[in-house]
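Heads up: the structure comes next, in structure tokens.
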Amino acid sequence: MSVTSVIQVQVVKALDSLYEGNFEPGSFQLSQTKPEFEGDYTVVLFSLVKQLKKSPDGLGNELGQYLVANNAGLFTAYNVIKGFLNLTITDAYWVSLLQQNYKNPNFGKAAATGKKVMVEYSSPNTNKPLHLGHLRNNFLGWSIAEILKANGNTVTKTCIVNDRGVHICKSMLAWQKMGNGATPATTGSKGDHLVGDYYVQFENELKQQAAPLLEQVLAGNFTGFEGEPLTKLQLFVQRINNGDAKAAELKDEVKELVRNNTPLMQEVRTMLLKWEEGDADTLALWKQMNEWVYAGFNETYKRIGSNFDKTYYESNTYLLGKKTVQWGLDKGVFFKKEDGSVWIDLTADGLDEKLVQRKDGTSVYITQDIGLAQDKYNEYKMDQSIYVIGDEQNYHMKVLKLICQKLDLPNADGIYHLSYGMVELPTGRMKSREGTVVDADDLVDEMEKISAQHTEELGKVKDFTTEELKQLYHTLGMGALKFYLLRVEPKKKMVFNPEESIDFHGFTGPFIQYTHARIKSILRKEAATLFTNAPQTALLKLEKELLVQLEQYGSILQQAAAEHNPSVIASYTFHLAKAYNSFYTEHSVGNAETPAKKELRLQLCQLTAIIIASAMGLLGIQVPERM
RNA sequence: GGUCCGGUAGCUCAGUUGAAUAGAGCAACAGCCUUCUAAGCUGUGGGUCAUUGGUUUGAAUCCAAUCCGGAUCACCA
């Protein structure tokens, strides 16, 4: 049980015996005492003052006296200042906590709850390599899965690979037209990059084809267009020419319509139809190119430490929602329009009418997602299903959950969208069409290079073998990168400036890794004298501050899981490392004043190292023995 | 236009279930290595918590309005 829970219980007991009323741990606030006051934890008295109609001073003193008198092992002193009751915990309590846990590798982690959770993350398209945005997604998904495990849940990590559709057909078509049979082997390119290059080539070609057509359309010549696109174009162009305030947006719409009317896009659509019909040549090419991509992805995943228990492929799941549509119609949750298309009315919930099946009978994105959600549940029967997806899909995920709830699916209430903000450049969003995307492989290379540079400058590991150095550079580079992306609250968008390299000082991964290496250096030297005396001794200020922080790890793990927020752990671990470093510079472990002091400090070192390694592990970050 | 999210130090961010004088890191400046790793430690300066009004003993935090930035509102995925 955490210290705060213990205190809460004792305060409730005290209140019950001193006053009339119904008290529970939630009746008052308990917080850590601010450093400028005497004490460890503080009861905020205002809510009780109101309830009991007593003066803050009177209540504080009565409560403080009672607590100290009746909990000799727990409280040693109290003081009351302006409605705050500051309580000092006995050193004996802290020391015994340390002694019981200093070699417990599972300190802070919860026992099994029997709950099953699925975390879906990464979910790449197979037409281009992973970029910085995917990294945030991967790190978040992996980390939240581990955090949930640490809280006693059974977790399944999954990935849905978007391996079919217009996007991959674009790469396929460009490769057919311009590839001359190039393969990763003949070009020496990583498979995902090779396929991505053809995607870029397609987009360039498309741009060229669309440019004269766009000019023609903007000049009012709509030859070659018919039906709905024609009506839209005529309207939009007219509005642009009339100086509409939204001219820029309208022009984008026009551009999109024009692009879709080019011969190249016709070819892509033909190819997609062939794929759907099962055309052998098309399927063979599709399979071949996807395999190149998977080989590339696997290399990157291995490097960044992403892994999945189960991988779904969209080509296998995209038809799954179809039978649900009929079922939803039968239940009266969906309705059919005259043209045969199927919809759900969400206007009562403040949303719109949403299409779930096209008039031609094919299913749309949301329908596929409903189908996949059912499929997942049938196989895993999980209590919660977390989707790590960017915030541009907030609306989509809201709709998905709502539809599942209206269909009364057993998995519906467990759907949780872990939404995260985009990673932007100082110039704005990354745009693949404009080539401003920060490539994941390049970035990892860069981080390892910088790590090597720093390490060489400091010259502390000159005896390392080449292999050990390589490992260290990777550990440090990934530590810096992962920490950088995870230290910010997920839902906030963040800016990455490629000009300023990611830092290695201050609130960073390497700072914490360094702290760990420092501790290990001591423990290597002092291992022989470990723990022979009883470290019953009074705590110095910095010793206690460190210990108080160590104790909080369990609560931090709970908070991180409850909020689905790894940045809570990043923040905590940084503060812990800071507390350790302050302690370290002020007090010697090896040359401690007495043997008992030495042992106490060694135990502090040991538990700090355990928690740093554990916490960083939950962020997917390794900690080195030396650096 | 509707809905949602954000706005805190020069920069990047904590703090948002209301509570003591709003905190870190980076950058700037001043100190600290004959002693366990200086990727460290200690200190200084830096704030109209977007704005206005409200609720409250008490508001960065809750409510309302406004301003700024972003996302989304496809028979795309």
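All chains are named by letter (A, B, ...) in the order of the sequence lines, taking the proteins before the strands, and each is independently numbered beginning at 1.
B/A30 sits 25 Å from B/U12 when the C1' atoms are compared, rounded to a whole Å. Across the C1' atoms, B/G7 and B/U42 are found 34 Å apart, a figure rounded to whole Å.
Nucleic acid contact for A/Val495: sugar-phosphate only, since backbone atoms but no base atoms lie under 4.0 Å from a heavy atom of the residue. A/Glu314 comes within 4.0 angstrom of sugar-phosphate atoms only, judged by non-hydrogen atoms across all strands, and of no base.
Ring centroid separation for the pair A/Tyr514 and A/Phe504 does not come in under the 6.0 Å cut-off.
Evaluation of atom-type donor-acceptor distances gives a pair under 3.5 Å for the side chain of A/Thr42 against the base of B/A20.
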Its dot-bracket string being built from Watson-Crick and G-U pairs below 3.5 Å, with | for another strand and [ ] for crossing, RNA chain B has the pattern ((((((((.[[[[.)...(...]]]].(((((.......))))).....[[[[[..)....]]]]])))))))....

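Summary of the strand contacts: A/Lys50 and A/Asn86 both lie near RNA chain B, and taking for each the nucleotide with the nearest heavy atom, the more 5' one is attributed to A/Asn86. Toward the 5' end of RNA chain B, the nearer of the two residues A/Arg164 and A/Ser451, judged by each one's closest nucleotide, is A/Ser451.
Remark: the A/Tyr420 side chain and the A/Asn137 side chain contain an N/O donor-acceptor pair separated by less than 3.5 Å. Residues A/Tyr395 and A/Asp352 have side chains that bring a donor and an acceptor to within less than 3.5 angstrom of each other. Checked by atom type, the side-chain pair A/Ser31/A/Thr42 shows no donor-acceptor distance below 3.5 Å. A donor-acceptor contact closer than 3.5 angstrom links the side chains of A/Asn581 and A/Thr515. A/Gln393 and A/Tyr365 form a side-chain donor-acceptor contact under 3.5 Å, judged by distance and modelled atom types alone. At a cut-off of 3.5 Å, with distance as the only test, no side-chain donor of A/Asn290 or A/Asp163 sits close to an acceptor on the other residue.
Within residues 348-358 of chain A, the residues having any heavy atom under 4.0 Å from RNA chain B are, by residue number, A/Asp352, A/Leu355, A/Arg358.
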